[in-house]
Protein chains: 2
Amino acid sequence: MEKQTITIYDVAREANVSMATVSRVVNGNPNVKPTTRKKVLDVIDRLDYRPNAVARGLASKKTTTVGVIIPDVTNLYFASLARGIDDIASMYKYNIILANSDQNDVKEIQVLNTLLAKQVDGIIYMGHKITDDMRAEFSRSKTPVVLAGTVDPDEQVGSVNVDYRNAAEEVVAELIKSGNERIAFVSGPQADPINGIYRLAGYKDALEKASMEFDESLIFESEYSFTSGEELFTKLAESGATAAFVGDDELAVGILNGAVDRGVKVPEEFEIVTTNNSKLTEMTRPKLSTITQPLYDIGAVAMRLLTKLMNKEETDEKTIILPYHVAHRGTTRSED
Amino acid sequence: MEKQTITIYDVAREANVSMATVSRVVNGNPNVKPTTRKKVLDVIDRLDYRPNAVARGLASKKTTTVGVIIPDVTNLYFASLARGIDDIASMYKYNIILANSDQNDVKEIQVLNTLLAKQVDGIIYMGHKITDDMRAEFSRSKTPVVLAGTVDPDEQVGSVNVDYRNAAEEVVAELIKSGNERIAFVSGPQADPINGIYRLAGYKDALEKASMEFDESLIFESEYSFTSGEELFTKLAESGATAAFVGDDELAVGILNGAVDRGVKVPEEFEIVTTNNSKLTEMTRPKLSTITQPLYDIGAVAMRLLTKLMNKEETDEKTIILPYHVAHRGTTRSED
DNA sequence: CTGTTAGCGCGTTCAC
DNA sequence: GTGAACGCGCTAACAG
């Protein structure tokens, strides 16, 4: 019934060497005579020895695992980031402890603490926004942190994002150019700075440059779900909007469906531009025009940055802004 | 620069007790006088002491961490399972090490080994199929394993699934009843028993009961992606099929889009039934009729089962079959 | 190139 | 109720 684990001692004994030598072989330390190395490797193979990573972690103070805090894996935007994170992580021999936070402030703190208790070497945080409590915890602990798809105004920790403001301005400007006089701004919770500050600012920038007036009644706040989007369309129509800038793909899918369900033609009668370019955008008909954020890359670069931080390597810049593009597809009139 | 960790010794010293007592307090051992307990708790609070889970893991041989092998987090089907897993896991104070396998046999083995090296208390495996190598590894290690959305014919390890065969038969029968004489069977890789064995068998069952002949040319194998589905529709049309049973939601979305793109009316001219009821099925227009697997629950139940296995509790049954239903939506004619 | 010896931080008997 | 002491499996100097 015992989990009869074979330890480094067993290997050492069988190979007639000291455990230190076995340790060296296992860790690829060059200071081992090829002969003995082979001898040890043979025994390891024969005994099917597998180094205990926990013991290793205790002794070396490195666990080669990083914590990843994600609002919800079920959200394609975050799942895409997560995929980039995991790929780069495994490339660098790290494992990921994934924890859903539901954007719940209490849960976040709690998750962070268990992550730190598990001695993760680093943390990647996703969630659009970051509360003061979290910021405090981050700066208090010495564990490196990188935000992915999340902006920290203080720039205390690493982060990887795109220029949400410029992107929003660019597509809204196109919407204006295409003749829309009333353009709705739809986003998830404005408590998320990405929505409430950056994207909204970009939206206003575009209006201003076109000498159009900002109209509060065209601003819609919602949840990150397609059902909310479907319901929202009625209000959008009532507002007199003829186009919408949408801050989330699922939400955009909902709005598109809301329009279709009411017989409103997209893009002839109503234009939609969304922001994440998750694969959802190509699953709808018409396909959604969108700002193409490099989701996978944001995750990948975040993880890469984290590896540097964990190794205390010099980093040029901890605040990384990745380029975005705009894909003109079926929900806007200005195809390219 | 030091990670100045406060250990159990620091707390013991400050509280004028032995570390054993602190350990007892931390672990909720009742054999501690209330007075001293409070004293210790105060110090813990004051010093902001956080037990080192790694050291704990070494000493107790329990890591309260379970490994989760997933083909791709970016796939809504698996992401949904993962969400169920994580929720129940955190409910039982476990953390999840999430590893993408891409269904790659080599990578899977490799991932499994690092998971075991990290001394996870249990493993949840997702991936539809399970190779002989994996099965061998599973039975060799004493770490409990539960399969989620994956069938093991040997029933050596725990598993949670739905009755794929019956489900397939049921919906194909409906397709037949609705007048289709040529019904295509579309699925991901048939190497996955769920597709190649169970669903296919269910499909054949339905044909047989209706005295219809099985036609090899109506069987289509594809990848789990919506783009494959779009391309596939042409072949479907050429095959003379007027309906399709599809073994994956993304794939079904692709087929639906393929039809729409070619001006084929769904469900009037072509019916589609898919199988996972991920939220994708409600994002299309028309909405996809589907077998409603309780995705979240499959993950949740799998994790619950794993907790029992890890605690060596008695379990009624290691092979769990959850109920499914059928949602008649827009891509079939027989609405309910 | 190889062996010895301390810990790493905590759980856990076993006495007191 | 509480403390002392050993050990979990391995890394990391330090000798040799």
Side-chain angles (χ1 to χ4, degrees), chain A residues 2-41 43-44 47-65 93 114 116-121 142-143, chain B residues 2-41 43-44 47-65 114 116-121 142:
Chain A
E2 281 320 291
K3 219 169 175 176
Q4 64 129 68
T5 32
I6 27 199
T7 77
I8 198 169
Y9 283 104
D10 301 321
V11 178
R13 185 170 10 86
E14 289 287 316
N16 291 315
V17 297
S18 76
M19 53 162 296
T21 301
V22 179
S23 176
R24 291 195 185 92
V25 172
V26 169
N27 294 302
N29 186 317
N31 294 340
V32 182
K33 202 198 303 174
T35 335
T36 52
R37 175 186 302 281
K38 176 158 186 354
K39 188 172 57 179
V40 172
L41 283 175
V43 176
I44 286 181
L47 266 47
D48 196 33
Y49 164 70
R50 184 189 292 126
N52 181 323
V54 174
R56 233 172 176 169
L58 222 210
S60 69
K61 292 179 169 304
K62 288 207 182 73
T63 54
T64 62
T65 103
K93 310 292 181 200
T114 82
L116 292 176
K118 297 225 167 167
Q119 312 301 116
V120 295
D121 296 336
K142 307 224 56 93
T143 307
Chain B
E2 282 320 292
K3 221 168 175 177
Q4 62 129 66
T5 32
I6 27 202
T7 77
I8 199 170
Y9 283 103
D10 301 321
V11 178
R13 184 168 12 84
E14 288 287 316
N16 292 314
V17 296
S18 77
M19 56 152 295
T21 301
V22 179
S23 177
R24 291 193 186 94
V25 172
V26 169
N27 293 303
N29 185 315
N31 294 341
V32 182
K33 203 197 303 174
T35 335
T36 52
R37 175 185 302 283
K38 173 154 188 357
K39 190 171 56 179
V40 172
L41 284 175
V43 175
I44 286 181
L47 264 47
D48 198 32
Y49 164 71
R50 184 190 291 127
N52 181 324
V54 175
R56 236 171 171 168
L58 222 211
S60 69
K61 294 179 170 300
K62 287 207 182 71
T63 55
T64 62
T65 301
T114 82
L116 292 176
K118 296 223 168 169
Q119 312 300 116
V120 293
D121 296 336
K142 305 222 57 90

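- Distance A:Asn29 CG to C:dG3 C1': 14 Å, rounded to the nearest Å.
- For the pair B:Arg50 CZ and C:dC10 P, the computed distance is 12 Å after rounding to whole Å.
- Relative to the side chain of B:Arg24, the nucleotides C:dG9, C:dG3, C:dT13 differ in distance, and C:dT13 lies closest.
- The nearest whole Å value for the distance from the NZ atom in B:Lys61 to the C1' atom in C:dT12 is 13 Å.
- Nucleic acid contact class of B:Thr7 (heavy atoms, under 4.0 Å, all strands): sugar-phosphate only.
- What separates CG of B:Asn27 from P of C:dT12 is a distance of 7 Å, to the nearest Å.
- The side-chain hydrogen bond (donor to acceptor under 3.5 Å, both in side chains) test applied to B:Asn27 returns B:Ser23, B:Arg56, not counting sequence neighbours.
- In this structure, CG of A:Asn16 is placed 13 Å from P of C:dT2, rounded to the nearest angstrom.
- Contact annotation for B:Val17: backbone-only contact, meaning every heavy-atom pair under 4.0 Å involves sugar-phosphate atoms and none involves a base.
- For C:dT2, neither phosphate oxygen OP1 nor OP2 lies less than 4.0 angstrom from any side-chain nitrogen or oxygen of A:Ser18.
- When every heavy atom of B:Val26 is checked against every heavy atom of B:Tyr49, the shortest pair comes out as CG2-CE2, 4.1 Å.
- The phosphate of C:dG9 has OP1 or OP2 within less than 4.0 Å of a side-chain N or O from B:Thr5.
- Looking at the side chain of B:Ala59, the nearest of the listed nucleotides C:dC8, C:dC14, C:dC10 is C:dC10.
- You'll find that the side chain of A:Ala20 is closest to C:dT4, out of C:dT2, C:dT12, C:dT4.
- In this structure, A:Val120 and A:Thr63 approach most closely via the heavy-atom pair CA-OG1, 3.7 Å.
- Contact between the side-chain N/O atoms of A:Thr36 and the OP1/OP2 oxygens of C:dT2 is found at a separation under 4.0 Å.
- Between B:Lys118 and A:Thr64, some side-chain heavy-atom pair lies under the 4.5 Å cut-off.
- In the model, A:Lys93 has no side-chain atom that pairs as donor or acceptor with a side-chain atom of B:Thr114 under 3.5 Å.
- Taking atom CG of residue B:Asn31 and atom C1' of nucleotide C:dA15, one finds them 15 Å apart after rounding to whole Å.
- Nearest-nucleotide assignment on DNA chain D puts the 5′-proximal partner with B:Val32, out of B:Val32 and B:Ser60.
- Between the side chain of B:Lys39 and the main chain of B:Asn16, no donor-acceptor pair closer than 3.5 Å is present.
- Residue B:Tyr49 places at least one side-chain N or O closer than 4.0 Å to OP1 or OP2 of C:dC10.
- Across the interface with DNA chain D, nearest-nucleotide mapping of B:Leu58 and B:Thr21 shows B:Thr21 to be the residue nearer the 5′ end.
- The heavy-atom pair separating A:Thr21 from A:Val40 by the smallest distance is CG2-CG2, 4.5 Å.
- Taking atom CG of residue B:Asn52 and atom C1' of nucleotide C:dC10, one finds them 8 Å apart after rounding to whole Å.
- Rounded to whole angstrom, the span from the CZ atom of A:Arg13 across to the P atom of C:dG3 amounts to 15 Å.
- Read 5' to 3', the first and last nucleotides of DNA chain D with an atom closer than 4.0 Å to a heavy atom of chain B are D:dG1 to D:dG9.
- Closest approach of A:Leu58 and B:Val54 over heavy atoms only: N-CG1, 3.6 Å.
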